[in-house]
Amino acid sequence: MPDSPLIAELAGFADELTTIRRDIHQHPETAFEEVRTSDIVAEKLSGWGIAVHRGLAKTGVVGTIKGKRPGQRAIALRADMDALHLQEKNAFAHRSVHDGKMHACGHDGHTTMLLGAARHLAARPDFAGTVHVIFQPAEEGLGGARVMIEEGLFDRFPVDAVYGMHNMPGLPVGRFAIRPGPMMAASDSWTLTFTGTGGHGSAPERGTDPTFPAAQMVLAVQGIVGRNVPPRETAVLSVGHISGGSWGSPNVIPSEVVVRGTSRSYTPSVRDILERRLGEVGAALAQAQGCTADYHYERRYPPLVNAVEQTATVMRAAALTVGAENVDGDTPPRTGAEDFAFMLERKPGAYILIGNGGGETGAGDCPYVHTPHYDFNDAILPLGAAYWVNLVQLELGAA
Ligand SMILES: [Zn+2]
Ligand SMILES: [Zn+2]
């Protein structure tokens with residue numbers, strides 16, 4: 001654990017933070033049902049004299065901390081509160097009391113680190129401007145960040161920049177990692193429904209056969225990656241579902257075949273290419289066989305793109321916290337998706353990874369997020385809180 005006066009001060013609250021974190025861990029709540037968790041967050045913030053707004057995206061909480069010096073700038077720090085549908089297999093005392101639900105992504109820790117920072121900032125508002133601490137629901141799959149934005153998050157709480165943080169198992173305690181530009185993938189779903197007349201399997205010439213363009217489509221999607229995506233960029237298209245016809249009637253050409261898949265990309269332009277070409281290629285293949293293609297592309301999570309300027313700022317904040325030698329500014333992009341990307345679509349900002357080390361479940365092991373033995377590492381609570389405080393000082397320290 002690095003030592004600095006700030007970390008030492010925050011470490012003074014370590015027991016309280018650990019208690020909060022384990023309490024939240026023990027009572028996991030999934031998307032948009034974070035009622036108890038948001039109650040805890042709101043009570044803590046209010047108790048520390050912080051103005052609290054509730055109700056965005058049902059369970060969202062926003063705390064507003066004004067600096068004691070005047071300033072026009074405002075920034076937002078964001079944590080997620082939701083748990084996963086997963087059966088916890090840990091045996092420790094603070095394991096989940098709710099069957100089938102578990103804080104397996106460390107959002108209990110994210111919430112607690114931001115609470116720790118909020119407490120410190122409220123007690124020592126030695127900055128100029130405003131800090132909004134955002135506690136959002138439903139990061140896992142349902143886009144709570146998007147819902148908060150749609151319900152007016154940044155209209156009610158205008159900010160110049162927004163920042164997020166996620167723990168990373170396998171990255172040692174005391175280390176941070178980030179990269180400017182795309183860092184997490186966009187994750188979308190697509191569906192092509194090929195329709196023809198179908199008919200008797202013995203007489204294909206009497207009708208039109210949607211199995212033919214559907215089969216061609218499975219191969220053609222790789223041509224989109226190979227021929228339409230610029231070679232210096234990357235993308236993944238995978239078919240995950242094909243259905244049509246009836247098992248009991250292999251001699252019947254079906255009238256409808258559905259092909260569904262996932263699409264991953266790292267830039268808005270590549271995402272646009274994938275969306276456009278899947279539809280064009282599907283329609284052309286269908287037309288060539290006298291069929292039609294109904295196309296639906298569902299944009300789920302956008303790519304997470306760190307702004308260059310804010311990435312430099314958070315790297316300085318991390319360096320102030322753990323030393324520049326412990327901050328990796330060129331971590332590889334990840335293939336997972338993260339709904340903080342919705343906030344970064346609206347505001348410049350950056351999303352950093354904090355080392356979770358090997359967890360506390362045994363020597364040498366390193367349970368990854370979304371696995372049943374994962375646990376957030378309480379040792380990094382003061383570290384994460386100190387990082388947030390350092391970031392506020394860098395962003396709003398100057399009068
Ligand atoms: Zn997760
Ligand atoms: Zn997560």
Side-chain angles (χ1 to χ4, degrees), residues 21 24-25 27-34 37-38 41 57 59-61 77-90 96 98 100-115 133-148 162-171 176-179 183-189 262 264 300-306 314 331 333-344 349-357 359 361 366-378 380-381 383-384 387-388:
R21 207 284 297 177
I24 297 174
H25 186 94
H27 302 91
E29 296 173 303
T30 48
F32 298 119
E33 295 172 357
E34 304 89 342
T37 309
S38 62
V41 167
T59 53
V61 182
L77 315 177
R78 168 274 200 181
D80 37 17
M81 299 187 291
D82 58 317
L84 284 156
H85 292 279
L86 194 76
Q87 184 64 43
E88 179 155 13
K89 290 191 180 163
N90 289 312
S96 170
H98 298 314
K101 294 185 180 182
M102 177 188 174
H103 268 293
C105 205
H107 300 182
D108 47 347
H110 302 165
T111 295
T112 308
M113 290 189 290
L114 189 53
L115 282 173
V133 285
I134 300 171
F135 297 85
Q136 73 149 85
E139 190 284 323
E140 301 285 359
L142 295 184
R146 176 180 50 74
V147 179
M148 284 189 91
V162 61
Y163 295 98
M165 170 159 58
H166 206 293
N167 77 94
M168 182 49 62
L171 188 65
F176 286 84
I178 191 171
R179 67 178 297 107
M183 184 156 126
M184 309 283 285
S187 172
D188 299 332
S189 302
T262 189
R264 304 290 165 114
R300 291 165 58 81
Y301 284 7
L304 184 145
V305 183
N306 286 324
V314 304
T331 194
R334 319 272 157 160
T335 48
E338 156 68 56
D339 89 340
F340 184 65
F342 287 112
M343 296 194 183
L344 291 181
Y351 174 84
I352 199 165
L353 302 174
I354 180 171
N356 196 55
T361 53
C366 183
Y368 202 59
V369 287
H370 292 213
T371 61
H373 289 290
Y374 169 84
D375 192 30
F376 185 87
N377 188 344
D378 290 314
I380 69 172
L381 290 169
L383 214 53
Y387 160 78
W388 282 133

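Because only heavy atoms are used, hydrogens play no part in the values below, and waters and symmetry mates are left out as well, while side chains stay in. One-based numbering, in listed order, for ligands and for the atoms of each.
- The salt bridge (Lys or Arg N to Asp or Glu O under 4.0 Å) pairs that include a residue from residues 136-148 are Arg146-Glu150, where partners are two or more places apart or lie in different chains.
- Legend: residues meeting side chain to side chain donor-acceptor pair (under 3.5 Å) with Gln136, ordered by chain and number and at least two apart, are Arg78, Asp339.
- With respect to the salt-bridge test (charged N to carboxylate O, under 4.0 angstrom), the residues Lys101 and Asp82 do not qualify.
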Item to complete: Could you go through the side-chain contact (heavy atoms from CB on, under 4.5 Å) check for Tyr374 and Leu86 one step at a time?
Response: CA-CA 11 Å; Tyr374 169 84; Leu86 194 76; over 6 Å; no
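- The side chain to side chain contact (heavy atoms under 4.5 Å, CB included) search around Val147 returns Phe32, Ala57, Glu151, not counting sequence neighbours.
- Between His103 and His25, the ring planes lie tilted relative to each other; the angle falls in the 30° to 60° range.
- Excluding waters, the set of protein N/O/S atoms under 2.8 Å from the Zn ion (ligand 2) reads Cys105 SG, His107 NE2, His166 NE2.
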